[in-house]
There are 2 protein chains.
Amino acid sequence: MDTVNTVKAATGPIRRETLHHGAVAELRAMILAGELRPGSRVAEVQLCGQLGVSRTPLREALRVLAAEGLVELRPRRGAVVTPIDPVEIGAVFEVMEALEALAGGLACRRGTAEEFAELDRLHAQLHARFEAGDRPSYFATNRLIHARIVAMARNPSLEASYAGFTAKILRARSLANYDAERWRGSLDEHEGFMAALRRRDAAAAGSLLADHSRRTADAVLQALNGGSE
Amino acid sequence: MDTVNTVKAATGPIRRETLHHGAVAELRAMILAGELRPGSRVAEVQLCGQLGVSRTPLREALRVLAAEGLVELRPRRGAVVTPIDPVEIGAVFEVMEALEALAGGLACRRGTAEEFAELDRLHAQLHARFEAGDRPSYFATNRLIHARIVAMARNPSLEASYAGFTAKILRARSLANYDAERWRGSLDEHEGFMAALRRRDAAAAGSLLADHSRRTADAVLQALNGGSE
DNA sequence: GCATGCCAAAATGTATACAAAATGGTGATT
DNA sequence: AATCACCATTTTGTATACATTTTGGCATGC
């Protein structure tokens with residue numbers, strides 16, 4: 001019985017999870033982990049057994065995930081995990097670029113000293129993990145840094161949108177490992193926007209974060225289109 | 001290629017709507033129209049009778065609307081129409097500003113000549129409705145213009161996000177009628193970004209649309225906070 | 001008079017039953 | 001041999017039944 005809340009903290013009144021809420025979290029995790037592969041059909045009864053719930057909460061969960069865009073519901077013909085469409089991913093990145101820029105600028109104006117210090121600490125960790133050549137850890141820290149910047153923007157709507165887009169992109173990234181050169185470039189760009197953030201230069205931070213996002217997009221899309229074999 | 005559109009389009013192929021899909025559309029319309037007032041409790045069985053469906057599809061619809069942020073689900077304690085929180089609306093507008101800027105820039109680069117011509121036509125209509133002093137018609141055309149610009153950006157992700165934010169803002173706007181001076185200013189700003197769009201000036205169009213969005217936000221928030229009595 | 005505890009009614013969460021449509025395979029016809 | 005039609009199976013969509021939990025009121029006690 002784990003509390004798999006993506007957003008809400010553990011505080012507040014006794015929070016009794018409902019089954020469909022838990023099912024949403026589990027299914028989302030399964031999709032993001034690639035356990036349910038893009039394009040694959042979602043068999044309701046099979047998942048019911050797997051998750052230990054009946055069809056009702058499972059179906060409610062599927063509607064939520066469909067609203068998030070992670071699954072597609074075809075009337076009377078079942079659900080499929082949304083296939084990864086490079087065109088769609090490109091569109092998502094395009095919006096991400098704008099959101100990163102917004103987040104960077106707002107973070108400069110609204111982040112606390114503690115948050116900036118934490119950002120520095122995470123950036124050092126990113127560096128260390130690059131040196132160690134540990135890709136998965138690097139990406140984990142990378143994601144955390146961006147999430148923190150978004151959190152520093154103090155805008156729940158931005159945060160929610162960002163999380164949704166991140167989920168979509170994450171699935172694409174998992175099957176598009178870009179090369180070592182791009183990895184180096186990514187780190188350099190982090191250096192760049194970190195410098196801007198340190199001096200609270202909102203315009204520069206936003207602009208550099210947007211650049212970083214665009215270059216990441218280019219790399220991911222290139223890997224998606226060309227580097228399958 | 002089925003189109004699961006938020007707007008009920010003309011019947012394409014055999015379009016077999018499911019009940020919960022229809023319920024989502026109806027409930028969303030009711031919420032946006034203010035028929036279900038913000039903060040009010042949503043009684044399941046009552047709505048079941050009203051919509052002519054049983055609890056199952058209605059509940060599925062409520063999950064979807066909760067994912068969209070239009071209702072809030074409190075475990076074991078029913079659903080409420082999400083109250084209008086000026087702070088949240090402010091946050092939404094902040095993101096909208098970035099999306100408008102993005103849409104304006106992309107529209108300049110990707111819109112077709114026909115679309116720009118249509119935009120001109122709608123802008124003239126906007127003018128006429130301002131002169132006629134017909135507020136509701138003005139706002140309808142206004143929304144249409146912005147929707148068209150977003151469509152010209154050729155980015156379904158942007159379009160979907162934009163639609164979601166628009167829905168939230170619309171509810172706030174419906175109870176915040178701003179004054180005549182702002183109305184005039186709004187029209188002037190439309191003139192401004194239309195000029196930029198006509199000459200395909202992406203940077204200017206984006207910037208002016210962002211300005212327009214920010215000023216609209218200011219007016220709405222001011223009306224929300226101060227102008228209740 | 002006010003607070004507390006308990007019970008009844010209502011509402012939510014979940015499971016299951018039923019109806020209708022889609023899927024897949026078999027057999028008949030050309 | 002290929003195609004079409006038809007039927008059984010499976011699967012989805014919906015309704016309803018059941019189990020908990022919340023809620024409101026009433027009685028009891030202080």
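Proteins come first, then strands; the chains are lettered A, B, ... in the order of their sequence lines, and each starts at number 1. For clarity, every value in this text was computed on a predicted model and none was experimentally measured.
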For [X] and [N], what is the distance between atoms [atom1] and [atom2] respectively, to the nearest whole Å?
X	N	atom1	atom2	result
A/E72	D/dT12	CD	C1'	17 Å
A/L58	D/dG13	CG	C1'	14 Å
A/L62	D/dT12	CG	C1'	12 Å
B/R59	C/dT12	CZ	P	8 Å
A/R55	D/dA15	CZ	P	14 Å
B/L19	C/dA20	CG	P	13 Å
A/H21	C/dT14	NE2	P	11 Å
A/E60	D/dG13	CD	P	14 Å

| said: Within residues 36-51 of chain A, which residues have any heavy atom lying less than 4.0 Å from an atom of DNA chain C? | reply: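 Residues of residues 36-51 of chain A under 4.0 Å from DNA chain C: none.
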| task | Look at the aromatic rings of A/F193 and A/H212 and report parallel, tilted or perpendicular, splitting at 30° and 60°. | result |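 Tilted.
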Using a cut-off of strictly less than 4.0 Å, decide whether [X] has a side-chain nitrogen or oxygen near OP1 or OP2 of [N].
X	N	value
B/H20	D/dT14	yes
A/T56	C/dT14	no
A/R63	D/dG13	yes

| task | Kindly say whether A/L158 contributes a backbone atom to a donor-acceptor pair with the side chain of A/S161 at under 3.5 angstrom? | result | no
Between [X] and [Y], what is the shortest heavy-atom contact and its length?
X	Y	result
A/R37	A/G34	CG-O, 3.6 Å
A/R77	A/R41	O-NE, 3.7 Å
B/T112	B/E115	N-OE1, 2.8 Å
B/E97	B/A210	CG-O, 3.4 Å

| note | Contacts of A/R77 and A/P57 projected onto DNA chain C by closest heavy atom; the upstream (5') one is A/P57
| field | Distance-only donor-acceptor test (3.5 Å): side chain B/R76, base C/dT12 | value |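 Side chain to base: pair found, below 3.5 Å.
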| query | Do A/Y178 and A/S186 have a side chain donor and acceptor closer than 3.5 Å? | reply |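 Result is no, nothing qualifies.
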| Residue B/V53, side-chain atoms from C-beta onward, closest of D/dT20, D/dA15, C/dT14 |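 The nucleotide sitting nearest to the side chain is D/dA15.
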